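Scroll down for the structure; my scribbles are underneath it.
Treat the numbers as computed from the prediction; the structure is a model and nothing was measured.
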Amino acid sequence: WRDSRPVRVGNGAWDQTQHDVYGELLNSLDLYRERIGDLHPEIEEALSRSSALIVLCSPRAAASSYVQSEIAYFQSLGRGSRIIPVILAGEPAESFPPALRDGQDRLGADFRKGRDERENGSLKVLAGLLGVGLDTLVQRERRAQRWRMRAAVAMAALFAALAIAAIAFGVRSEQQRVRSEANRLASEAQLASEQDQALMLAVAAWRTSPTAPARAALFSTLSRNPQ
């Protein structure tokens, strides 16, 4: 076919349909390139490494030759079933790129208000990426929520216990400080040479904390003979 020639030549060939197979093939490839556009080698490499393709669908995306080109290239890799459409705007008929209007049932998401919206839509996308059913993923999410709730309750209980322990430690430390102060005053009362000073120190020790040394200092001071 590369060396094919017209059946007629000369002036009789002007109104004859010329079946130049090689030229028709190149022309078809050129029309295809113009329709879907060219992919950058880096994009092709990224698509080749990807196990799934998320397509953000909208009327603008449906009219984009670049989006169509990416979908067509991904489908050519034999991964058409791993395409996950996500509707952002418009109805499916007008927001799906032509390459996705093949009648194949795909697990997608509808982020439009009043539809799946963000939470359920995200679960659907995740289910598509993991290759599991939506119900399975919902059950997993519920179990994860229960686990997070239990963990949150456990952490709250732990912090409460730590707070109580800190308060108890603070109270115990303050009690120890008060007893130490009472014992110090009692010791000074025992060493005081003047009875009035000793009595004042012993009473102060007893009022600070009725410890055994404070009681002993008070009784000892009261039993002294006046000078």
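Here the CG-CG distance, from L218 to L201, works out to 11.5 Å after rounding to the nearest 0.5 Å. Between atom CD of residue E194 and atom CG of residue L199 there is a gap of 12.5 Å, rounded to the nearest 0.5 Å. To the nearest 0.5 Å, atoms CG (L100) and CD1 (I84) are separated by 11.5 Å.
For the pair P97/C57, a side-chain contact is recorded, criterion being any heavy-atom separation below 4.5 Å from C-beta on.
Remark: the backbone N or O of A99 is paired with a side-chain donor or acceptor of Q75 at under 3.5 angstrom.
Hydrophobic clustering, defined by side-chain heavy atoms of Ile, Leu, Val, Met, Phe, Trp and Tyr closer than 4.5 Å, leaves F169 isolated from every other such residue.
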Donor-acceptor contacts under 3.5 Å from residues 87-96 side chains, at least two apart:
unit_1 : atom_1 : unit_2 : atom_2 : d
E91    : OE2    : R112   : NH1    : 3.2
E94    : OE2    : E91    : N      : 3.1
S95    : OG     : E91    : O      : 2.8

Can you give each donor-acceptor pair under 3.5 Å made by side-chain atoms of residues 206-216, sequence neighbours left out, with the distance rounded to 0.1 Å?
unit_1 : atom_1 : unit_2 : atom_2 : d
T208   : OG1    : A204   : O      : 2.7
T211   : OG1    : N183   : OD1    : 2.8
T211   : OG1    : A214   : N      : 3.4

Donor-acceptor contacts under 3.5 Å from residues 48-56 side chains, at least two apart:
unit_1 : atom_1 : unit_2 : atom_2 : d
S48    : OG     : E44    : O      : 2.7
S48    : OG     : Y73    : OH     : 3.2
R49    : NH1    : E45    : OE2    : 3.1
S50    : OG     : A46    : O      : 2.7

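Looking at every heavy atom in both residues, V67 comes nearest to A61 through CB-O, 3.7 Å. Heavy-atom minimum distance, A62 versus P98: O-CD, 3.6 Å. Minimum heavy-atom separation, V86 to F111: CG1-CD1, 3.9 Å. Taking every heavy atom of both residues into account, P85 and I83 meet most closely at CD-O, 3.5 Å.
A search for side chain to side chain donor-acceptor pair (under 3.5 Å) contacts involving Q197 returns nothing, not counting sequence neighbours. Every residue two or more places apart in sequence or in another chain was checked for a side chain to side chain donor-acceptor pair (under 3.5 Å) with E42, and none qualifies.
By the criterion of side-chain heavy atoms lying less than 4.5 angstrom apart, applied directly or through intervening Ile, Leu, Val, Met, Phe, Trp or Tyr residues, F219 is not grouped with L191; the two fall into different hydrophobic clusters.
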- CA sep, side-chain torsions, deciding dist, call: R184, E188, salt bridge (charged side-chain N to carboxylate O under 4.0 Å, His left out): CA-CA 6 Å; R184 183 186 67 79; E188 292 182 2; 2.6 Å; yes
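R179 and Q176 are linked by a side-chain donor-acceptor pair at a separation below 3.5 angstrom, with hydrogens and angles left out of the test.
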